[in-house]
Structure formats: C-alpha cells, structure tokens
Amino acid sequence: QVQLAESGGGLVQAGDSLRFACAASGRTISDYAMGWFRQAPGKERRFVASINVSGTSTYYTDSVKGRFTISRDNAKNTVYLQMISLKPEDTAVYYCAADGDYVRGPASMFTTAGRYDYWGQGTQVTVSP
C-alpha cells in the first residue's frame, strides 16, 4: 500500500510560480508511473501531467504545456510539479496519483484517473488575478 502526501499549495498571484511535492510512503514508487490531476470547484477531476517509471517520458494537458514540469526523484520517493506563469484558471485542488500496476510505457498512457490506484489528499492552489 502506498500513501501519497502532497505539499506546496497556497495563495499566489497570476504570473507567480509554485512547486508541489508528492512524498510517498509505505513502499517505493520507483516502479510506478505517476501523475498529477486537478479539480476546480464544481468541476470534475482532470489530468494535468504524468511521468513514466524511469522519468524519461512526460506528458501534459495542453493548457499547461510550457508552464508546468513534472519530475521525479525515485531515491527520495517523491514526485514534483513545477508550475510557472500561473493563471487564475489554474486554481484548483491538485492531486498526486500513482499507478500501482507496474506498467511500463510512455507517460501518454497515464492520462485517465481510472488508471491510477493510489491518490493523495490534495493540495489547494488559488491564483488571484
């Protein structure tokens, strides 16, 4: 069983930067593809970014390409989401997720919430205009 804990959220202004960290415990996540999702008020949870097991492949939803970067440090059992040029429409609760099925493949394979087995509790980011 894997427990995921996100950190790094907060209230920022448009154009600011933030970095989320997702720390895993319980077992190593080095064999799992990882992803970030977000859920805005009144909306469904949506894919943001994913990274494959080795960290050699990443994938992003169009609205964050060029602004967000997902990365992982398997030695620290942690996944990160670096965000720059934040916009008010980025306001949401951000969730880290782990695919627990030991699936190898490009990050583009891991874009649906149903793909993931483990979820963090989420961290809120609010971007003011």
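Here the structure is a predicted model, which means the values were calculated and not measured.
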**Prompt:** With R72, which residues qualify under salt bridge (charged side-chain N to carboxylate O under 4.0 Å, His left out), at least two apart?
**Reply:** none
**Item:** Validation row: V12, L18 side chains within 4.5 angstrom (heavy atoms)
**Value:** yes
**Fill in**
Closest heavy-atom pair, P129 versus P88, reported as atoms and distance to 0.1 Å, is CA-CG, 4.0 Å
**Selection residues 120-129 - residue pairs positive for side-chain hydrogen bond (donor to acceptor under 3.5 Å, both in side chains), sequence neighbours left out** = Q124-T126
**Complete:** Sequence neighbours excluded, the answer for ring pair (Phe, Tyr, Trp, His ring centres under 6.0 Å) partners of F110 is none
**Request:** Hydrophobic side-chain clustering at under 4.5 Å (ILVMFWY, transitive links): who's grouped with Y80? Put none if nobody.
**Result:** none
**Message:** Please say yes or no: joined through hydrophobic side-chain contacts below 4.5 Å, possibly via intermediate residues, are V2 and L81 part of one cluster?
**Reply:** yes
**Flag side-chain contact, heavy atom, 4.5 Å: D90 against R67** = yes
**Request:** Taking side-chain contact (heavy atoms from CB on, under 4.5 Å) as the test, write out the residues that go with V53, two or more places apart.
**Result:** R104
**side-chain contact (heavy atoms from CB on, under 4.5 Å) partners of R46, counting only residues at least two apart** = E44
**Message:** Please enumerate all residues that pass side chain to side chain donor-acceptor pair (under 3.5 Å) together with S25, with sequence neighbours excluded.
**Reply:** none
**Request:** Look at D101 together with R115 and state whether they make a salt bridge at an N to O cut-off of under 4.0 Å.
**Result:** no
**Complete:** For T112, the side chain to side chain donor-acceptor pair (under 3.5 Å) test, sequence neighbours excluded, returns none
**Request:** May I have all residue pairs that pass ring-ring contact (aromatic ring centres under 6.0 Å, His included) and include part of residues 5-52, sequence neighbours excluded?
**Result:** F20-W36, F20-Y94, Y32-Y102, F37-F47, F37-Y116, F37-W119
**Message:** Taking S57's backbone N and O only, do any of them form a donor-acceptor pair with N52's side chain (distance below 3.5 Å, no angle check)?
**Reply:** yes
**Item:** Summary of disulfide bond (SG atoms under 2.5 Å apart) pairs that have at least one residue in residues 68-129, sequence neighbours excluded
**Value:** C22-C96
**Item:** Student check: side-chain heavy atoms of D117 and D99 closer than 4.5 Å
**Value:** yes
**Request:** Mind checking side-chain contact (heavy atoms from CB on, under 4.5 Å) for K65 and listing every partner two or more places apart, or none if nothing turns up?
**Result:** Y60, D62
**Message:** Counting C-beta onward and ignoring hydrogens, is there a side-chain heavy-atom pair between I29 and M34 closer than 4.5 Å?
**Reply:** yes
**Message:** Is it the case that the side chain of N77 and the backbone of R27 share a donor-acceptor pair, with hydrogens and angles ignored and the cut-off at 3.5 Å?
**Reply:** yes
**Item:** Side chain S30, main chain T28, donor-acceptor under 3.5 Å
**Value:** no
**Complete:** Between G122 and V93, the two heavy atoms sitting closest are CA-CG1, 3.8 Å
**Asked** Is it true that F68 and Y95 fall in one hydrophobic cluster, defined by side-chain heavy atoms closer than 4.5 Å?
**Response** no
**Message:** Using a 3.5 Å distance criterion without hydrogens, assess whether the side chain of S108 forms a donor-acceptor pair with backbone atoms of Y59.
**Reply:** no
**Message:** Going by side-chain contact (heavy atoms from CB on, under 4.5 Å), name the residues that satisfy it together with Q82, two or more places apart in sequence or in a different chain.
**Reply:** S17, R19, T69, I84
